[in-house]
Amino acid sequence: MNRTQLKRSSILRLALAGPGGMGQHEETFLLRAVRIAAVVALYWFVSITMVFLNNYLLDNRDLDAPLFVTFYQCVVTVGLCWLMQLLSRLCPGIIDFPSVRFDVKTSREVLPLSIVFIGMITFNNLCLKYVGVAFYTVGRSLSTVFNVLLSYVILKQTTSLQALLCCGIILGGFWLGVDQEGMAGSLSWSGVFFGVLASACVSLNAIYTKKVMPAVDGNIWKLSYYNNINACVLFLPLIIVFGELGHVASFSRLSNLSFWGMMTLGGVFGFAIGYVTGLQIKYTSPLTHNVSGTAKACAQTVIAVVYNSSTKSLLWWTSNIMVLGGSSAYTWVKSLEMKRTPYRDPQDSAKEKLLPGDKGSTGV
């Protein structure tokens with residue numbers, strides 16, 4: 001009898017609540033969907049804008065100094081880390097940023113990763129400088145292949161046949177893209193070479209990050225802080241050795257505020273990409289982030305082709321589809337394998353958050 005009364009009272013409460021009570025769940029779902037859509041849109045905007053902005057800065061014929069451009073973006077990132085720490089202390093309820101005091105011992109522990117990090121962002125920018133945005137996705141597509149190869153060589157981790165087949169599709173798309181660029185007369189072998197080196201460094205960066213993470217308490221912002229400070233110091237002798245100091249000194253727009261504004265904006269977007277990448281993973285998942293990154297790369301390529309009024313062959317587009325399709329399939333295969341694995345190293349989650357999408361101050 002009591003149970004019947006309880007059921008009746010529950011039904012009565014629902015009836016009295018009317019459409020408002022039923023709509024509360026729908027409103028929550030709607031807000032969640034809008035939030036996710038806003039985060040994904042923000043990630044796309046920041047990532048695509050950053051790539052085009054870096055291409056603009058590096059394609060400057062008057063200033064042939066890619067190392068200096070990259071160095072300045074690292075300086076901006078360090079400055080923004082200090083600013084975020086200050087704002088976090090002033091507005092603790094609004095901004096959450098770890099308090100980092102520079103420690104020489106920690107800096108020394110992060111140094112091996114910082115050397116790989118310098119190679120990654122430098123080769124990434126050089127690839128973008130020589131191949132442009134349209135071919136950039138294909139030129140930088142071998143990160144997954146190197147990840148499998150280096151994981152086997154360094155970590156002795158084997159890869160499933162399905163994942164290897166996905167890598168084969170990516171390799172096929174890469175070679176087809178290079179062939180089609182060559183036939184169109186727009187191929188830069190320097191750009192391809194730097195793209196391959198950048199892909200290798202991206203994979204090494206993910207592997208070394210896993211080893212270095214304990215030194216920074218597993219905090220990605222602390223890692224970014226030390227990485228960029230080390231990079232600023234290491235870039236200085238490289239700029240001198242490669243003769244870029246003379247190029248910068250003789251640059252006609254050195255006192256132009258708009259030039260420095262664009263340079264600073266590039267650094268701001270480079271810092272922001274780390275934040276929006278983490279935000280997208282937080283509100284979706286690492287798998288969804290990878291899918292979003294793949295779709296973003298496709299949109300980025302289409303925008304570049306339309307913007308430059310280029311005409312591309314069917315096989316050229318096929319190479320992009322193979323690269324993006326192979327990357328998406330690899331992500332899907334690895335996610336299924338992770339679900340079947342009963343145990344995972346806790347540090348793998350930190351590595352997994354670093355692997356997809358954009359890295360450092362000048363990611364994809």
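Under a 3.5 Å cut-off, the side chain of Asn124 and the backbone N or O of Ala198 do not form any donor-acceptor pair. Thr277 places a side-chain N or O within donor-acceptor distance of the main-chain N or O of Ile273, the cut-off being under 3.5 Å. Proximity of a side-chain donor or acceptor of Gln157 to a complementary backbone N or O of Ser151 within less than 3.5 Å is not detected. A donor-acceptor pair is defined here as one N or O able to donate and one able to accept, closer than 3.5 Å; such a pair exists between the side chain of His247 and the backbone of Asp64. A donor-acceptor pair under 3.5 Å is formed between the side chain of Ser141 and the backbone N or O of Val138. Proximity of a side-chain donor or acceptor of Ser335 to a complementary backbone N or O of Trp332 within less than 3.5 Å is detected.
Taking the side chain as every heavy atom from C-beta outward, Asn205 and Phe117 approach each other to under 4.5 Å. Side-chain atoms of Met322 and Thr318, non-hydrogen and from C-beta on, do get closer than 4.5 Å to each other. Between Trp316 and Glu181, the closest side-chain pair of non-hydrogen atoms falls below 4.5 Å. Annotation: side chain of Phe146 is in contact with side chain of Val196 (closest heavy-atom distance under 4.5 Å). Looking at Trp317 and Ser313, their side chains never come closer than 4.5 Å, going by heavy atoms from C-beta outward. Under the 4.5 Å side-chain criterion, counting only non-hydrogen atoms from C-beta, Val333 is in contact with Ser160. Side-chain contact between Met84 and Phe271 is present, with at least one heavy-atom pair separated by less than 4.5 Å. Side-chain atoms of Glu109 and Pro214, non-hydrogen and from C-beta on, never get closer than 4.5 Å to each other.
Scanning both residues, Ala134 and Ala304, for their nearest heavy atoms gives N-CB, 3.6 Å. Considering every non-hydrogen atom in both Asn219 and Pro98, the closest pair reads OD1-CG, 3.6 Å. Among all heavy-atom pairs drawn from Cys298 and Leu324, the shortest one is CB-CD1, 3.5 Å. Between Asn55 and Leu128, the shortest heavy-atom contact is ND2-O, 3.2 Å. Smallest separation of non-hydrogen atoms from Ser47 and Gln300: O-OE1, 4.3 Å. Nearest heavy atom pair, residue Ala65 against residue Val248, reads CB-CG2, 4.2 Å.
Around CG of Leu161, the count of heavy atoms belonging to other residues, nucleotides or ligands within 6.0 Å exceeds 12. Annotation for Met262: atom CE counts as buried by contact number, over 12 foreign heavy atoms lying within 6.0 Å.
Taking the six-membered ring wherever Trp is involved, the centroid distance between the rings of Trp260 and Tyr72 falls below 6.0 Å. Ring to ring, Phe259 and Phe251 are close: their centroids are under 6.0 angstrom apart. A distance below 6.0 Å separates the ring centres of Phe102 and Tyr226.
For Tyr330, the side chain to side chain donor-acceptor pair (under 3.5 Å) test picks out no residue, with sequence neighbours left out. Taking Trp221 as the reference, nothing meets the side chain to side chain donor-acceptor pair (under 3.5 Å) condition, with sequence neighbours excluded. By the salt bridge (charged side-chain N to carboxylate O under 4.0 Å, His left out) test, Lys156 is found to be paired with no residue, residues two or more places apart in sequence or in another chain being considered.
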For the pair Ile115 and Asn230, evaluate side chain to side chain contact (heavy atoms under 4.5 Å, CB included) and give the outcome as yes or no after the intermediate values. CA-CA 8 Å; Ile115 294 169; Asn230 287 346; over 6 Å; no

Step by step, would you call Phe52 with Val133 a side chain to side chain contact (heavy atoms under 4.5 Å, CB included)? CA-CA 7 Å; Phe52 276 92; Val133 179; 3.8 Å; yes

Please assess Cys127 against Tyr136 for the test side chain to side chain contact (heavy atoms under 4.5 Å, CB included), listing each intermediate value before the final yes or no. CA-CA 7 Å; Cys127 173; Tyr136 180 64; 4.2 Å; yes

Check step by step if side chain to side chain contact (heavy atoms under 4.5 Å, CB included) holds for Leu67 and Phe242. CA-CA 9 Å; Leu67 291 175; Phe242 284 94; 3.7 Å; yes

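Under the 3.5 Å distance criterion, with hydrogens and angles disregarded, no donor-acceptor pair is assigned to the side chains of Thr137 and Arg140. No side-chain donor-acceptor contact under 3.5 Å links Asn147 and Ser203.
Cluster membership check: Val76 shares its hydrophobic cluster with Leu223, using side-chain heavy-atom separations under 4.5 Å among Ile, Leu, Val, Met, Phe, Trp and Tyr. One hydrophobic cluster holds both Phe68 and Leu236 under the rule that ILVMFWY side chains link at heavy-atom gaps under 4.5 Å. In the hydrophobic clustering of this structure, Phe193 does not group with Trp175; members are Ile, Leu, Val, Met, Phe, Trp, Tyr whose side-chain heavy atoms approach within less than 4.5 Å, directly or through other members. Residues Val233 and Met120 are members of separate hydrophobic clusters, defined by side-chain heavy-atom contacts under 4.5 angstrom among Ile, Leu, Val, Met, Phe, Trp and Tyr. Residue Phe71 is grouped with residue Leu254 when hydrophobic side chains (ILVMFWY) are merged at heavy-atom distances under 4.5 angstrom, including chains of intermediate members.
In this structure, CG on Asn228 lies 6.5 Å from SG on Cys81, to the nearest 0.5 angstrom. Taking OG1 of Thr70 as the reference point, atom CD1 of Ile118 lies at 10.0 Å (rounded to 0.5 Å). To the nearest 0.5 angstrom, Leu265 atom CG is 11.5 Å from Met263 atom CE. Distance check, rounded to the nearest 0.5 Å: CG of Asn227 to CG of Leu113 gives 4.5 Å. The CZ atom of Phe135 sits 13.0 Å away from atom OG of Ser310, with the distance rounded to the nearest 0.5 Å. Residue Leu238 holds its CG atom at 7.5 Å from CG of Leu234, rounded to the nearest 0.5 Å.
Both tests hold for Lys211 against Tyr208: distance to the six-membered ring centre under 6.0 Å, angle to the ring axis within 45°.
Using a cut-off of 4.0 Å between Lys/Arg side-chain N and Asp/Glu carboxylate O, Asp59 and Lys129 are scored as not salt-bridged.
Checked options Ile121, Val268, Thr264, Leu57; the residue passing with Gln73 is Leu57 (criterion: side chain to side chain contact (heavy atoms under 4.5 Å, CB included)).
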